[in-house]
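Below: one structure, written as structure tokens.
Numbered from 1 within each chain, the chains take letters A, B, ... in sequence-line order. Since the structure is predicted, the reported quantities are computational estimates derived from the model, not experimental observations.
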2 protein chains.
Amino acid sequence: MSLDYILLGLLREPASGYDLKAVFDERIHYFWPAELSQVYPAMQRLEDKGLLRSREAPAKRGPRRRVYQTTAAGHRVLRQWLDESPELGDERIGFLAKVYLMDELRDLSKTRQYFRELREICATRLEELQAIERGWAAQDPHYPDALSARMFHVSLTLRKGLSSLATHVKWCDESLRRIEARMGKERSNGRTIPRHTLDSHRGGHHRTDRVLDSRSRKQGRPAAR
Amino acid sequence: MSLDYILLGLLREPASGYDLKAVFDERIHYFWPAELSQVYPAMQRLEDKGLLRSREAPAKRGPRRRVYQTTAAGHRVLRQWLDESPELGDERIGFLAKVYLMDELRDLSKTRQYFRELREICATRLEELQAIERGWAAQDPHYPDALSARMFHVSLTLRKGLSSLATHVKWCDESLRRIEARMGKERSNGRTIPRHTLDSHRGGHHRTDRVLDSRSRKQGRPAAR
DNA sequence: GTGGCCATGTAAACTGTTACATGATTCT
DNA sequence: AGAATCATGTAACAGTTTACATGGCCAC
């Protein structure tokens, strides 16, 4: 349901669905991704409820655009939502689910490889956010201070991203240390490299050939693909 | 789709849907919550695909139970999933969405209150995880070392929760400092306490009277509640 | 006997993603 | 003429939550 409220918040300035999609992909997607196919119907619903109003906008360069904006009722609804207590909500963290079960592979070098890749992904995204912050600092001489109320709140969220990702990278590093220490112990305990590594043929089969790919009808033969 | 794989992982030891729900609520829900109404059909689907097998179990104290267990095919599918590269995935972080838009309230004391509550929630959950770790340390004299492969991987995920939540609390504290500094500046700039505080009548209306509560049919009058 | 926990499910609703359909304008 | 970008949507599917239905067994 947060999407509706985010829309009300973003449409305090008038914008089209298409405009909004750009905003989502640029700034919002870090905490709330959205697709156009979800945004358009949502805006229509909110207009039907009287929380948004829209008008046909003269289109320079392109076809007709419908521009939406939050109404007074929309502002009230938004403020009521903002005034509610925070909730952590249910986060689904797929990469942790994998780590939790990864003993199944019986091969710590696989776990190590997993953490190395994860570290890379997070470090890259961290740099992305650091670049944003540098940009802000560059065009505002007393950056973290003297911000508008709007930017102040936005900067609180940026800081969250920055600190979360930095910690994430540190966790990967700590994990890699533990994994390597453990691998060292395994070797010195006389265990040789696990034989399961035989499975690693047909090089680099990342993200291909999903087996569990769609719901099968009852009694459908599993092989029938 | 991760749910299916988590089920395959958990059912390396036989268990009923009901058992599994307890495991989810106790350990797994930190990174992947699940409801029974989702677990039961999922297990049936996985059995139809040949990845789980089930048997009727003699029920001491209660009605009949159906106990599931991962098959050899299920193990293969699980290992294939575990072998894929990590992905961050789309996280939806509702509490950040609110902070991002909270300038709308035009009342920093509301933002401060929000962060105080958020800090409390996270600190509580942090203590929860710390208690788990203390429990492990208590019943295992050389705790973080010499773990089974299973527990080693589980402990990697616990450490993630611990470090994430500690950082989260620190972010709340940093934010509270910034908010209070800014409130001080507002006061000294001659601005008095914002008048919007008039809205704060009818004390403590947390989590009540959601306005945007369900999709309205087209053209439904907004007032018709 | 009834309240609580054990146990298994179905149905409907909600939220979100992927794929598709359509067409204008601008740039090369 | 064709590709890229602007622009708006629909349809089908996938994943999850909430509400409901059912019933056994056990303790008080």
Side-chain angles (χ1 to χ4, degrees), chain A residues 1-7 14-25 28-29 31-47 54-68 87 89-94 97 210 212-218, chain B residues 1-7 14-25 28-29 31-48 52 54-68 87 89-94 97 210 212-218:
Chain A
M1 284 298 297
S2 297
L3 178 68
D4 289 10
Y5 297 105
I6 294 171
L7 258 18
S16 70
Y18 196 84
D19 297 337
L20 244 36
K21 173 61 174 161
V23 174
F24 271 96
D25 288 348
I28 310 295
H29 78 105
F31 55 86
W32 206 279
E35 296 301 322
L36 272 175
S37 58
Q38 206 189 354
V39 169
Y40 283 119
M43 290 195 304
Q44 273 173 11
R45 256 189 301 115
L46 292 170
E47 185 172 29
S54 75
R55 61 187 157 80
E56 201 80 15
K60 40 188 164 248
R61 172 214 244 118
R64 93 284 181 195
R65 311 161 21 93
R66 177 154 296 271
V67 169
Y68 288 82
E87 288 171 86
D90 298 336
E91 291 180 72
R92 291 197 159 69
I93 310 175
R210 269 278 173 66
L212 238 51
D213 47 2
S214 79
R215 286 159 189 272
S216 65
R217 36 274 128 235
K218 302 242 158 152
Chain B
M1 285 297 296
S2 296
L3 177 67
D4 289 10
Y5 297 104
I6 293 172
L7 258 18
S16 71
Y18 197 84
D19 296 337
L20 243 37
K21 173 60 174 160
V23 173
F24 270 97
D25 288 349
I28 309 296
H29 78 104
F31 55 86
W32 206 279
E35 296 300 322
L36 272 176
S37 57
Q38 207 189 351
V39 168
Y40 284 119
M43 289 195 303
Q44 273 173 10
R45 256 190 299 115
L46 292 169
E47 185 172 29
D48 292 344
L52 292 179
S54 75
R55 59 185 158 84
E56 201 81 13
K60 42 189 161 248
R61 174 215 241 116
R64 91 285 182 194
R65 313 160 22 92
R66 177 154 295 271
V67 168
Y68 288 82
E87 288 170 87
D90 299 336
E91 291 181 74
R92 290 196 160 71
I93 310 177
R210 271 276 173 66
L212 238 51
D213 47 2
S214 80
R215 287 160 189 270
S216 67
R217 35 274 127 230
K218 304 242 156 151

Checklist entry - Quick one: is A:Tyr18 getting a side-chain N or O under 4.0 Å of the D:dT8 phosphate, OP1 or OP2? => result no
Next on the checklist: Using whole Å, what does the distance between atom C1' of nucleotide D:dA14 and atom OH of B:Tyr5 come to?
Outcome noted: 14 Å
Item to check | Side-chain heavy-atom pair B:Arg66, B:Ser16 within 4.5 angstrom cut-off | outcome: no
Checklist entry - From C:dT10, D:dT8, D:dG15, pick the nucleotide closest to the side chain of B:Gln44? => result C:dT10
Checklist outcome for this item: Considering only heavy side-chain atoms of A:Leu36, the closest of C:dT8, D:dT10, D:dT8 is D:dT8
Item to check | Nearest-Å distance for atom pair CD/C1', residues A:Glu56 and C:dA24 | outcome: 13 Å
Checklist entry - Which of these nucleotides, C:dT10, C:dA7, D:dT8, is closest to any side-chain atom of B:Arg65? => result C:dA7
Item to check | Nearest-neighbour nucleotide for the A:Arg92 side chain, C:dT17, C:dT8, D:dT16 considered | outcome: D:dT16
Next on the checklist: If you compare every side-chain N and O of B:Arg66 against the phosphate oxygens of C:dT8 (OP1, OP2), does one of them come in below 4.0 Å?
Outcome noted: no
Item to check | CZ on B:Arg65 to CD on B:Glu56, rounded to 0.5 Å | outcome: 10.5 Å
Checklist entry - How close or far is atom P of D:dT17 from atom CZ of B:Phe24, stated in whole angstroms? => result 11 Å
Next on the checklist: Rounding to an integer number of Å, can you tell me how far B:Lys21 NZ sits from D:dT16 P?
Outcome noted: 13 Å
Item to check | Check: B:Arg45 main-chain N/O paired with B:Asp48 side-chain donor or acceptor under 3.5 Å | outcome: no
Item to check | Main-chain N/O of A:Ala34 paired to A:Lys21 side chain as donor or acceptor, under 3.5 Å | outcome: yes
Checklist entry - Could you give the CH2-to-C1' distance, from A:Trp32 to C:dG16, as a whole number of Å? => result 10 Å
Checklist entry - Of A:Leu3 and B:Tyr40, whose closest DNA chain C nucleotide lies nearer the 5' terminus? => result B:Tyr40
Next on the checklist: Rounded to whole Å, please give me the gap between CZ in B:Phe31 and P in D:dT16.
Outcome noted: 14 Å
Checklist entry - Between atom CZ in B:Arg55 and atom P in C:dA7, what is the gap in whole Å? => result 14 Å
Checklist entry - Expressed in angstrom and rounded to an integer, what is the separation of A:Arg45 atom CZ from C:dA13 atom C1'? => result 13 Å
Item to check | Taking every non-hydrogen atom, the tightest pair across A:Phe31 and B:Ala97 | outcome: CE1-CA, 3.4 Å
Between the protein and nucleotides 18-21 of chain D, list the N/O to N/O atom pairs that are separated by less than 3.5 angstrom.
from, atom 1, to, atom 2, distance (Å)
D:dT18, O4, B:Ser37, OG, 2.5

Next on the checklist: By nearest atom, which of the nucleotides C:dT17, D:dT16, C:dA7 is closest to the B:Asp19 side chain?
Outcome noted: C:dA7
Checklist entry - Pick the nucleotide of DNA chain C nearest each of B:Asp90 and B:Val67; which residue has the one closer to the 5' end? => result B:Val67
Checklist entry - Which atoms form the tightest heavy-atom contact between B:Val67 and B:Pro14, and what is the distance? => result CG1-CB, 3.5 Å
Checklist entry - Do B:Leu7 and B:Phe24 have side chains that get closer than 4.5 Å, going by heavy atoms? => result yes
